[in-house]
Structures are given as C-alpha cells and as structure tokens.
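Report on one structure; see the data block that follows.
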There are 2 protein chains.
Amino acid sequence: MDQNRDNEIAALRAFNRAYTARTGLLNTHLDQSPFSLSEARVLYEIAHRTDPTAAEIGRALGLDRAQISRTLKRFAERGLVETRDHPSDARNLIISLTSDGQEAFAALEGNTRAAVGALLDGFPPIRRARLLEAARTISKIVEADDEPALILRDPEPGDLGYILYRQSALYAQEYGWNGEYEVLVTKILAQFHQTFDPTMEAAWVAELDGQIVGSIFLVKGDTTGVAKLRLLYVEPDARGSGVASKLVEACIQRARDAGYTRLDLWTNSVLTAARRIYERAGFKLVDEAPHHSFGKDLVGQTFSLNL
Amino acid sequence: MDQNRDNEIAALRAFNRAYTARTGLLNTHLDQSPFSLSEARVLYEIAHRTDPTAAEIGRALGLDRAQISRTLKRFAERGLVETRDHPSDARNLIISLTSDGQEAFAALEGNTRAAVGALLDGFPPIRRARLLEAARTISKIVEADDEPALILRDPEPGDLGYILYRQSALYAQEYGWNGEYEVLVTKILAQFHQTFDPTMEAAWVAELDGQIVGSIFLVKGDTTGVAKLRLLYVEPDARGSGVASKLVEACIQRARDAGYTRLDLWTNSVLTAARRIYERAGFKLVDEAPHHSFGKDLVGQTFSLNL
DNA sequence: TACAGATCGTTGACTGAATCAACAAGATAT
DNA sequence: ATATCTTGTTGATTCAGTCAACGATCTGTA
C-alpha cells in the first residue's frame with residue numbers, strides 16, 4: 001500500500017501545481033488594482049475583523065510582524081487606515097479603515113468578485129458545479145478542527161438507493177460480482193419497503209463526518225422469533241474505525257428489544273473482514289454451501305446468534 | 001439566482017483563502033531547504049522536461065524572463081545547471097541539470113513528498129479520502145481542455161441504485177416528496193430486473209463529463225404493442241443542455257425498433273419542465289387525475305405517443 | 001533578398017515580500 | 001521585584017515580481 005500513499009502524495013502535489021498554475025488569476029494581484037495580493041489579504045482581514053491588532057492579522061495570515069508593520073505604514077500614508085490605542089493593553093494598536101479605506105476595499109472586493117465570477121463563467125455548468133462542490137469539500141476539511149463524528153440514523157429518502165448503489169459498485173469493484181447482486185439487493189429492498197413492520201424491523205445508515213459510509217438491516221425471518229441481519233457494508237475508506245461493529249451492535253440490540261430469540265445472517269466466505277466482525281459479536285457459523293451467483297463461484301455461509 | 005452566483009463566488013474565494021492559509025506548508029519553501037518556492041518550481045520544470053529552454057519554463061510557470069534568467073544564473077553559480085546551445089535556434093539555450101543538480105533535486109523531491117505525506121497524515125482517513133477525491137476532481141476540471149461529452153450507455157452494476165438515490169433525493173428536495181416515491185421507484189426497478197426482456201425493454205444512463213446526470217427506462221406496458229417510458233430524470237446541474245431530449249429520443253427510437261405501436265408515460269403536473277420535453281417529442285396528454293401520493297396532493301398525467 | 005516584426009536571453013532599476021535580528025515599551029507569572 | 005513574553009518598529013538582506021531597454025537571432029512577407 002506504499003504505492004497507494006505515493007499516489008496520494010502525487011495527487012495532492014498535482015492538484016497544487018494545477019491550482020497555482022491555472023488560477024493564478026486568484027492568486028496574482030489584479031492587473032488594475034492598486035493593491036498587491038499580500039496587501040489585499042491584509043486589507044481583507046482588517047475589514048472582516050472587529051478591532052483587530054497588527055499581531056492578530058499577522059497570525060491570521062501567517063505573516064511576519066515586520067511585514068505587517070510596513071504594510072500598515074504604507075496604508076496609513078495612503079490614508080486608508082488609522083490606528084487608535086488599545087483600551088487595556090498599551091502595547092497594541094487597534095487598526096481600522098478610514099472612509100477612504102472602506103471605499104478602496106469595496107472597490108477591491110467588487111473587482112475580485114468579478115474576476116472570480118469570470119473564472120467560474122469559463123467552466124461549463126456541469127464542471128462548475130462539480131468544481132464548487134469539490135472546493136466546498138476541501139474548505140470544510142481543511143478548516144475542520146473537530147474529529148469526524150460517527151452517527152447511526154434512520155434512512156431518509158434516497159438513502160436506500162445510495163446503499164444499493166454503493167454495495168453493487170463496491171462488490172463489483174472488489175470481487176468482480178456482476179449485476180445479479182444488484183438484482184438481489186433491489187429485491188431485498190423492495191420487499192423491505194413493501195412488508196415493513198416498524199415494531200419488528202429496522203434499518204440504519206452510518207454517517208461518518210456527514211457522509212454515508214455503511215448500513216445494516218434488521219428484517220423478519222421465515223420462522224417466528226427469528227430475525228435476519230442483512231446488507232451490512234462499510235465503505236473502504238471508513239473501515240477499521242469500528243463502523244461495522246457499531247452497526248452490528250445496534251442491530252443485535254434492536255433484535256433483542258423486539259423480542260426475537262435468534263438472529264441469522266447469510267454472507268459469503270470471500271468477505272473475510274465481515275466474518276471477523278460477526279464472530280466477534282458472538283455469531284456462530286451454522287451452515288456452509290457452495291453456490292454460483294453474481295458471476296462467481298462462491299461459498300455461502302449462514303451465521304447465527306442466539307439472543 | 002444572482003444570490004446563487006454570489007454564493008458560488010464566495011465559496012470559491014473561501015476555498016482559496018482556506019487553501020492558501022492552512023496549506024502554507026505546500027506553498028512555503030520548506031524550512032531546511034536550500035531552495036525557495038519559486039526556485040523549487042523552476043527546478044521541477046527543468047527536471048521534468050526534455051531539453052527545456054528558459055522561455056519555455058517561464059511560460060509554463062507564468063514567470064518573467066528576467067526572473068528566470070536570474071534564477072538560472074544563481075543555479076549555475078551553485079553548479080546545479082549547465083546550458084548548451086540549441087542546435088537549430090541560436091537564440092535559445094538548452095538547460096540541463098548537472099549531476100549535483102540532479103542530486104539536489106532528488107533531495108528536494110524527497111523532502112517535499114515527506115512534507116505532503118505528513119500533511120495528509122494529519123487528516124483522519126475518511127477526510128483524507130474525500131480531500132484527495134476533491135483534489136483530483138479539481139485537477140481534472142482545471143486541466144481539462146475539451147468540452148464535456150454526453151454519452152448514453154447501458155447501466156452498470158450500481159447505476160440503478162444511483163438512479164434510485166438521485167431521483168428520491170432530488171424529488172424530496174425539490175418537491176418535498178416523502179419516502180413513498182422511493183418505494184415506488186424501488187418496486188419499478190425490482191420488477192424491471194425480474195421481468196427484463198432485452199428485446200423489448202431497455203434502460204439508459206446519461207453521462208456528462210464522466211458523471212451520471214440522468215436516466216430513462218423503456219418497459220413493456222400492460223397491453224400488447226404498448227410500451228411505457230419510465231423514470232426519466234436529469235440532474236439540475238445538467239439541465240438545459242438537451243440531456244432529457246436525447247434520452248427521450250433514444251427511448252422513442254428503441255420503442256419503434258422493437259415494434260411497439262404506442263408509447264405511454266405517467267408523470268405529475270408539477271414536473272413542468274418534463275412536460276415540455278414530452279410535448280416537444282410529440283406526446284399528447286390523454287388523461288389527468290388528482291391523487292395523493294408521496295405526501296403531497298398531486299395531479300397525475302398520462303401522455304401518449306403513437307409510434 | 002531585404003527588412004519589419006517577433007522572440008530569446010541578459011541587464012538595470014525599482015517596489016514589495018519574506019526573513020532575521022535588535023530594541024523599547026508594556027504585560028504577565030511566580 | 002524580576003525574569004520572561006508580547007507588541008510594534010526599524011535596519012538589513014535576499015529574493016520575487018515587474019517594466020524597460022538592448023543585442024542577437026529567427027520568421028514571414030513584400
């Protein structure tokens with residue numbers, strides 16, 4: 001997997017190159033603007049903060065105190081900013097825009113927005129939409145200061161389709177399963193919908209950091225008192241952080257609460273990671289049979305847990 | 001929708017700020033490195049091109065000839081690069097790395113990769129994966145020099161699930177429809193799977209720029225000789241570029257080829273954009289009836305086209 | 001063939017960016 | 001009370017970025 005890491009590093013570097021090269025528009029100082037990029041950033045920070053000090057701005061932008069000092073000096077000479085004493089700390093100076101400064105900043109903002117708008121207009125709508133979505137994703141991730149939170153919740157409209165999509169695509173990609181598996185899951189979902197009994201059945205969607213990364217279903221079995229666990233899956237990127245165990249746990253708990261005496265599940269031997277999770281949860285292998293499905297020769301396994 | 005444009009511009013600017021602020025690691029010259037960011041970029045270009053000239057590198061990086069000249073002069077003084085005459089154009093000098101230069105570049109590359117790797121390690125796996133996917137998306141879009149291509153193709157494993165997901169989520173978002181709609185679509189898909197007749201039925205997925213943006217289904221109707229058009233949808237971001245018309249066209253054509261004499265479809269009056277597409281394709285409204293479904297009071301419409 | 005116009009690399013000149021070091025004034029901890 | 005930080009300023013230096021000018025060379029066209 002070192003190969004993979006190299007690929008990831010290369011991808012981020014390629015992104016960095018592509019971004020700095022092609023969107024120099026965003027980073028270079030606007031041609032007709034009286035402000036350099038660095039000056040524009042300082043101005044932006046002054047305008048968007050309440051009673052900022054030079055040190056504060058320097059920290060926000062990662063700039064040296066010396067540079068801030070000189071930049072502010074130039075701004076003051078041009079009549080754009082003024083300073084007043086800090087009420088409680090005489091080392092600080094509070095910076096504010098003069099009316100000329102506000103005017104200059106407003107003009108700069110207008111030009112910048114126009115330039116960014118023109119940049120966006122250069123992309124076809126479908127790419128613009130994807131570009132913005134990706135940009136929002138990166139912003140969020142880069143700015144996040146919390147840990148990704150895992151939550152289990154009821155499915156919302158669209159979620160079952162998403163699960164069908166991910167499971168089918170994933171098993172096609174990882175194990176080469178063909179469309180038959182999608183057929184099977186579609187049937188299961190249709191039946192789940194049609195005969196849904198909220199007191200005895202349930203479905204969970206696992207969200208990690210706001211994104212669906214797994215699911216599990218609890219449905220009535222063929223025999224009274226016996227429930228089935230179905231359609232457990234976890235996204236590759238989210239594996240190894242206990243998502244599957246939490247899903248299985250929730251399912252078992254609900255099965256107990258609903259009064260079932262046994263929980264069965266059917267899986268395939270190639271899904272080795274899943275097997276470990278089932279066994280850790282107390283499931284025992286009770287039956288094993290080869291079958292040809294999904295375009296492959298497989299060994300089906302039935303696991304069972306007495307509740 | 002000017003509001004929306006402002007949001008888009010703000011989003012891209014926020015992204016730019018976040019990216020330049022937090023990943024200064026990527027943009028700032030590495031602390032222990034003997035090369036500035038600008039020097040590193042020039043070195044990178046020299047190493048990755050065959051027989052580059054100064055002007056070529058300047059164009060690639062958007063740098064001034066004067067700056068390239070001085071940078072190369074410093075490199076030459078440090079014994080990192082050497083120049084030889086261009087065989088056919090005496091104005092050019094061909095630049096190459098000396099063995100010392102290659103060594104220095106290799107060291108720089110190693111350090112850069114390590115720094116980027118460390119940056120990536122700072123993100124939880126799920127975010128790292130999403131960050132990289134977003135970065136790849138942006139790279140591709142920014143570097144693309146072709147127009148987005150629209151293709152219609154057969155569904156692959158996972159695609160029907162994706163369609164279920166998008167339709168359910170979309171109509172929930174746009175019209176407030178509840179889970180009932182998802183149930184309906186799931187049933188349709190399950191039945192499509194179960195009774196699929198490849199000579200008389202078909203499904204298409206529309207891909208724009210490599211992404212699924214719509215679908216349409218042709219299925220047998222209740223009466224012999226009558227086909228049904230079902231589950232037409234197009235992503236909001238892809239609307240207005242003829243995707244829906246192309247899907248409907250493909251569906252009608254196949255219905256004709258399969259020997260059907262009539263093509264019916266059922267839709268709802270709130271889907272006004274769809275109605276225009278159907279009418280433009282020659283469909284006539286033959287029936288209209290109010291119904292309460294998907295959590296809303298709706299007016300169902302049956303359209304029909306004689307083939 | 002001759003020549004205008006463009007390209008290439010170099011140099012000078014200048015402003016600003018970035019960084020390091022030193023300093024005085026003021027705040028803070030113990 | 002004193003050592004230790006923090007804030008803002010200034011000096012010094014190197015490099016980035018930009019404009020202008022220059023000589024050498026190439027290219028297209030009259």
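All values reported here derive from a predicted model rather than from experimental measurement.
Looking only at side-chain heavy atoms (C-beta outward), A:R136 and B:F15 stay at 4.5 Å or farther from each other. Here the side chains of B:N111 and B:S33 are not in contact, with every heavy-atom distance at 4.5 Å or above. Using a 4.5 Å cut-off on side-chain heavy atoms (C-beta onward), B:L93 and B:L72 make no contact. Looking at heavy atoms from C-beta onward, A:E109 lies in side-chain contact with A:R113 at the 4.5 angstrom threshold.
Interatomic distance, CD of A:Q167 versus OG of A:S215, reported as 5.0 Å (0.5 Å rounding).
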Exercise for review: Would you please test A:D51 and A:R84 for salt bridge (charged side-chain N to carboxylate O under 4.0 Å, His left out) and show each step?
Suggested key: CA-CA 10 Å; A:D51 295 345; A:R84 62 178 192 279; 3.0 Å; yes
Exercise for review: Determine, step by step, whether B:D209 and A:R130 satisfy the salt bridge (charged side-chain N to carboxylate O under 4.0 Å, His left out) criterion, reporting the C-alpha distance in whole Å, the side-chain angles of both residues, the deciding distance to 0.1 Å, and the verdict.
Suggested key: CA-CA 10 Å; B:D209 211 27; A:R130 285 202 290 152; 2.7 Å; yes
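Screening residues 71-81 of chain A for side chain to side chain donor-acceptor pair (under 3.5 Å) gives A:E39-A:R74 as the qualifying pairs, with residues at least two apart or on separate chains. Among residues at least two apart or in separate chains, ring pair (Phe, Tyr, Trp, His ring centres under 6.0 Å) pairs with a member in residues 48-73 of chain A are A:Y44-A:H48, A:H48-A:F105. Sorted by first then second residue, the ring pair (Phe, Tyr, Trp, His ring centres under 6.0 Å) pairs that include residues 75-95 of chain B, not counting sequence neighbours, are B:F35-B:F75.
Crowding of B:E235 atom CD: a count of heavy atoms from other residues, nucleotides or ligands under 6.0 Å exceeding 12.
If you measure from atom CG of B:D64 to atom P of C:dG16, you get 17 Å, rounded to the nearest angstrom. Rounded to a whole Å, the CG atom of A:L63 is 15 Å from the P atom of D:dT9. Here the P atom of nucleotide D:dC15 and the CZ atom of B:F75 are 11 Å apart, to the nearest Å. When the C1' atom of C:dA18 is taken as reference, atom CD of A:E39 falls 14 Å away, rounded to whole Å. Computed from coordinates, the B:K73 NZ to D:dA16 P distance equals 14 Å when rounded to whole Å. Protein atom CD of A:Q67 is 5 Å distant from nucleotide atom C1' of C:dA17, rounded to whole Å. Atom P of nucleotide D:dT9 and atom CZ of A:R74 are separated by 13 Å, given to the nearest angstrom. Nucleotide C:dA17 holds its C1' atom 17 Å from the CZ atom of A:F35, rounded to whole Å.
Within the 4.0 Å cut-off from OP1 or OP2 of D:dT14, not a single side-chain nitrogen or oxygen of B:S36 is found.
Of the residues in residues 78-86 of chain A, not one places a heavy atom less than 4.0 Å from an atom of DNA chain C.
Annotation: the terminal axes of the helix from C:dT1-D:dA30 to C:dT30-D:dA1 meet at 30°, where each axis is the rotation carrying the C1' atoms of four end pairs onto the next four (5 pairs per end, rounded to 10°).
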Exercise for review: Quick one, give me the B/S/- string for nucleotides 3-10 of chain C, reading 5' to 3', where B means a protein heavy atom under 4.0 Å from the base and S means that only happens at the primed atoms, P, OP1 or OP2.
Suggested key: ----BSBB
